[in-house]
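Atom set for the values below is all heavy atoms of this structure, side chains included, hydrogens, waters and symmetry mates excluded. Throughout, protein chains are lettered first and strands after them, A, B, ... in sequence-line order, and every chain is numbered starting at 1.
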Amino acid sequence: NAGVTQTPKFQVLKTGQSMTLQCAQDMNHEYMSWYRQDPGMGLRLIHYSVGAGITDQGEVPNGYNVSRSTTEDFPLRLLSAAPSQTSVYFCASSQGSNQPQHFGDGTRLSIL
Amino acid sequence: AQSVTQLDSHVSVSEGTPVLLRCNYSSSYSPSLFWYVQHPNKGLQLLLKYTSAATLVKGINGFEAEFKKSETSFHLTKPSAHMSDAAEYFCVLSGGSNYKLTFGKGTLLTVNP
């Protein structure tokens, strides 16, 4: 059972480039979310989804897009990367709002 | 509005001594509370959860936490620290129906030999 799988693990981009961070889960969880982790800030919610076809903004959504075409996948798109988006990105899934989140190992993204 | 305050950004203990990581919360709803641990370059792993059952919650690796509604606290404890406990710990609040979690800013636990 793989749990939550994030790819790539590391990425370096130039300012203005676009890319997609992939997230897949094999637990049939309805709820999926993306967080960014910055030193001293804890984890901040970017976007979340409560099921296929349903997404909503979190605390820091600007500069990011998401879609949820299947239960399993929840990709995060950076449309035009900026140095302020240098961070570690975590994808998580759960069975519901009061259930424990299962986290991927993260994507470490640097934008030059 | 919901909030989580981890009262210490860094806690340092000696191996074999007790661990106390403090967490206070604020919520308009009946809260669900979690403690997660993050080892370097890893994702977050669930230690334990409180979801309105027993107020003393036991988790993995000898950790436990006590929910105190009157003090709005959910402190994490362990009787005897081990070197492998060195990591960052996050207190997390879930409340209401909007599926959003609120994270504390984390407490870095250092264990000295």
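- Proximity to chain A (any heavy atom under 4.5 Å) is shown, for B:Ser9, by neither the backbone nor the side chain.
- With hydrophobic clusters built from ILVMFWY side chains whose heavy atoms lie under 4.5 angstrom apart, A:Tyr35 does not share a cluster with A:Leu21.
- Proximity to chain B (any heavy atom under 4.5 Å) is restricted, for A:Gln37, to the side chain, taken from C-beta onward.
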Quiz item: Between B:Lys42 and A:Phe103, does a side chain to side chain contact (heavy atoms under 4.5 Å, CB included) hold up when you go through it step by step?
Solution: CA-CA 9 Å; B:Lys42 291 292 187 181; A:Phe103 286 85; over 6 Å; no
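- The hydrophobic clustering, which links ILVMFWY residues whose side-chain heavy atoms are closer than 4.5 Å, places A:Trp34 and A:Ile54 apart.
- Within the 4.5 angstrom heavy-atom criterion, only side-chain atoms of B:Gln38, from C-beta onward, approach chain A.
- Of the possible donor and acceptor atoms, none in the side chain of B:Tyr36 sits under 3.5 Å from a partner among the backbone N and O of A:Pro100.
- A:Val66 and A:Ile46 fall within a single hydrophobic cluster, where Ile, Leu, Val, Met, Phe, Trp and Tyr side chains are chained together by heavy-atom contacts under 4.5 Å.
- A chain of hydrophobic side-chain contacts below 4.5 Å, direct or via other Ile, Leu, Val, Met, Phe, Trp or Tyr residues, connects B:Phe74 to B:Ile60.
- In the hydrophobic clustering of ILVMFWY residues, with side-chain heavy atoms under 4.5 Å counting as a link, A:Val60 and A:Met19 come out together.
- Contact between A:Gln99 and B:Lys49 at its shortest, heavy atoms only, is OE1-NZ, 4.0 Å.
- Between B:Gly43 and A:Asp105, the shortest heavy-atom contact is N-OD1, 3.7 Å.
- Looking at B:Phe103 and A:Leu45, their side chains never come closer than 4.5 Å, going by heavy atoms from C-beta outward.
- To the nearest 0.5 Å, atoms CG (B:Leu101) and OH (A:Tyr48) are separated by 10.5 Å.
- Residue A:Arg44: no heavy atom, backbone or side chain, is found under 4.5 Å from chain B.
- For chain A, the nearby parts of B:Leu44 are the backbone and the side chain; heavy atoms of each come within less than 4.5 Å.
- Contact annotation: the side chain of B:Asn41 approaches that of A:Arg108 to within less than 4.5 Å [non-hydrogen atoms, C-beta and beyond].
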